[in-house]
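Okay, so here's the structure we're looking at.
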Amino acid sequence: MKRLLPYLASALLCAGAATQPAAAQDAVKGKSIFDANCAACHSVQEQVVGPALKEVHKRREEKWIINFVKNSTKVIASGDKQAVEVFEKFGKVPMTSFEGSLSDGDIKDVVAFIKEESDKPAEAKTPEVTPADPNVDGAAPAASGFNWKAMPPVTQILVTLVGFLLLLVLVFLVMTFFQALPLLSKLYEKPGLQNSAMAKFIALMRGDTTSLTGKAKDELMEDHSYDGIHEFDNDLPPWWKYTFYVTIVFGVVYLLNYHVMGGQLQTQEYEAEMQQAALLSAKSGGGDANEKTYFKPITDAAQLAEGEKAFVQNCAACHGQKGEGMVGPNLTDEFWLHGSDVNGIYKTIKYGVTSKGMVAWQGKLSNEQILQVSSYILSLKGSNPPNAKAPQGEKAK
């Protein structure tokens, strides 16, 4: 018996060592299945089209998860409270049925992967500080704008009341001023005050525009009569002279600012704004959804095969293995929601349509892969797969 103990211990150790990689292998296999079938609509840590799956194994029983993944419509129709709650929360869009493509073991592997990801500590995200000037290191962050809605209701009421009171005071002062105009006019008619700026302003308020239009002298200029037309020696209207003086001041300021002190001219302003737009575009993921593209559909068989591979891995969960349409629209008919040519399809895939659940793929697929998938989708036109979804959108011209 004593001789058997070492062999028995060795056997137990080997058995333990054999079981540990198997469990790890389940999670590895689950990741592969998750990426191929679930990643288009789900993430472990964040909500995408569907809910975040972190710790779903703690919130739901394994049997419930298997049944829901295989056929969520059936579970919802049975009146299951949890299934109905998820269905209602996410726009009454049923989850794709995987009854024919995933086995119970596959789903358990996916759960093992989710459990492994859920147990990982969350990575601390360092808040990104945007400098006021992207070309200056260590520049102070730009100040945030005033946000009325962010203010507490009590503060909003107090600000409104103060503003109303200030408006009343202003109206009262204006009315008082106009009521006192006759007295002020008599005051400024005194010889020492009648040519002051205040006297001219009060006269203007009472309707005397002489300070703006000038006063005609009605003095004829000698030897300036032609064909019965006489020329008077009158000054230019003051308003014209004042405007002319303002243009002179403006011209001097403009010259100093733009041609002496280095102010940005129109071309320089445009270039600076384009650089800023490029920085913002790169920060948000790159590219411009409104940019004109002139791609042509790929016809090379090898590249179309790559496009099919990427489609099956990333798009089939919502559009079906053959593009017949499931949660997403049918891609094999002549009807389109967001553009029917290769450029329209390319932009829809790259930038997504988040309002309708179509995620942007520019962060996961390269531009070449997106063009391959777009060309593959065009090749599906007229393939008439079984169980095709009803047409949606407008017929392509």
Side-chain angles (χ1 to χ4, degrees), residues 46 48 125-151 159 239-298 303 307 310 314 336-375 377-378 393-394 396-397:
E46 299 177 357
V48 190
K125 294 184 178 180
T126 304
E128 186 175 338
V129 179
T130 303
D133 185 351
N135 296 320
V136 180
D137 293 334
S144 58
F146 174 76
N147 189 350
W148 171 261
K149 293 182 179 180
M151 297 175 65
V159 171
W239 68 266
W240 194 98
K241 290 191 287 186
Y242 297 150
T243 304
F244 179 65
Y245 299 150
V246 169
T247 60
I248 293 175
V249 174
F250 176 82
V252 172
V253 173
Y254 184 93
L255 176 67
L256 293 174
N257 181 48
Y258 289 101
H259 296 281
V260 177
M261 302 177 66
Q264 289 185 333
L265 296 174
Q266 183 176 3
T267 304
Q268 294 171 320
E269 284 186 356
Y270 172 76
E271 292 174 352
E273 289 177 2
M274 291 301 292
Q275 289 177 358
Q276 182 68 17
L279 289 171
L280 293 174
S281 177
K283 182 179 177 181
S284 61
D288 179 8
N290 297 316
E291 180 186 3
K292 290 286 185 182
T293 54
Y294 301 95
F295 296 120
K296 293 183 179 179
I298 294 172
Q303 292 200 56
N314 300 287
W336 297 87
L337 292 168
H338 307 291
S340 58
D341 66 337
V342 68
N343 292 285
I345 299 170
Y346 177 92
K347 290 180 180 177
T348 302
I349 296 173
K350 184 172 183 177
Y351 301 107
V353 187
T354 53
S355 60
K356 295 186 178 179
M358 172 68 183
V359 298
W361 290 94
Q362 61 178 336
K364 184 175 181 181
L365 300 178
S366 66
N367 291 340
E368 183 181 5
Q369 288 177 310
I370 294 174
L371 183 57
Q372 290 171 347
V373 173
S374 304
S375 301
I377 290 172
L378 282 178
E394 298 180 0
K397 296 180 181 179

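Worth knowing before you read on, the calculation uses all heavy atoms, side chains too, and leaves out hydrogens, waters and symmetry mates. These numbers were taken from a predicted model, which means no experiment stands behind them.
The shortest side-chain heavy-atom distance between Ile349 and Ile377 falls under the 4.5 Å cut-off. Side-chain contact check for Phe295 versus Asp341: every heavy-atom pair is 4.5 Å or farther apart. A heavy-atom distance below 4.5 Å is not found between the side chains of Lys296 and Val342.
A donor-acceptor pair under 3.5 Å is formed between the side chain of Asn314 and the backbone N or O of Ala310. Using a distance-only test at 3.5 Å, with no hydrogens or angles considered, a donor-acceptor pair links the side chain of Gln268 to the main chain of Leu265.
Between the CD atom in Glu368 and the CD1 atom in Ile370 there is a gap of 11.0 Å [rounded to 0.5 Å]. Atom CG of Leu371 and atom CG of Leu365 lie 12.0 Å apart (nearest 0.5 Å). Rounded to the nearest 0.5 Å, atoms NZ (Lys350) and NZ (Lys347) are 10.0 Å apart. Here the straight-line distance linking atom CE of Met358 with atom OH of Tyr351 works out to 13.0 Å at 0.5 Å rounding.
Annotation for Gln264: atom CD counts as buried by contact number, over 12 foreign heavy atoms lying within 6.0 Å.
Nearest heavy-atom pair, Leu378 versus Ser340, reported as atom, atom and distance to 0.1 Å: CD2-O, 3.4 Å. Residues Thr348 and His338 share a closest heavy-atom pair of OG1-O, 3.3 Å. Across Gln369 and Lys364, no two heavy atoms sit closer than the pair OE1-O, 4.2 Å.
Between Phe244 and Trp240, the ring planes lie parallel to each other; the angle is under 30°, not in the 30° to 60° tilted range.
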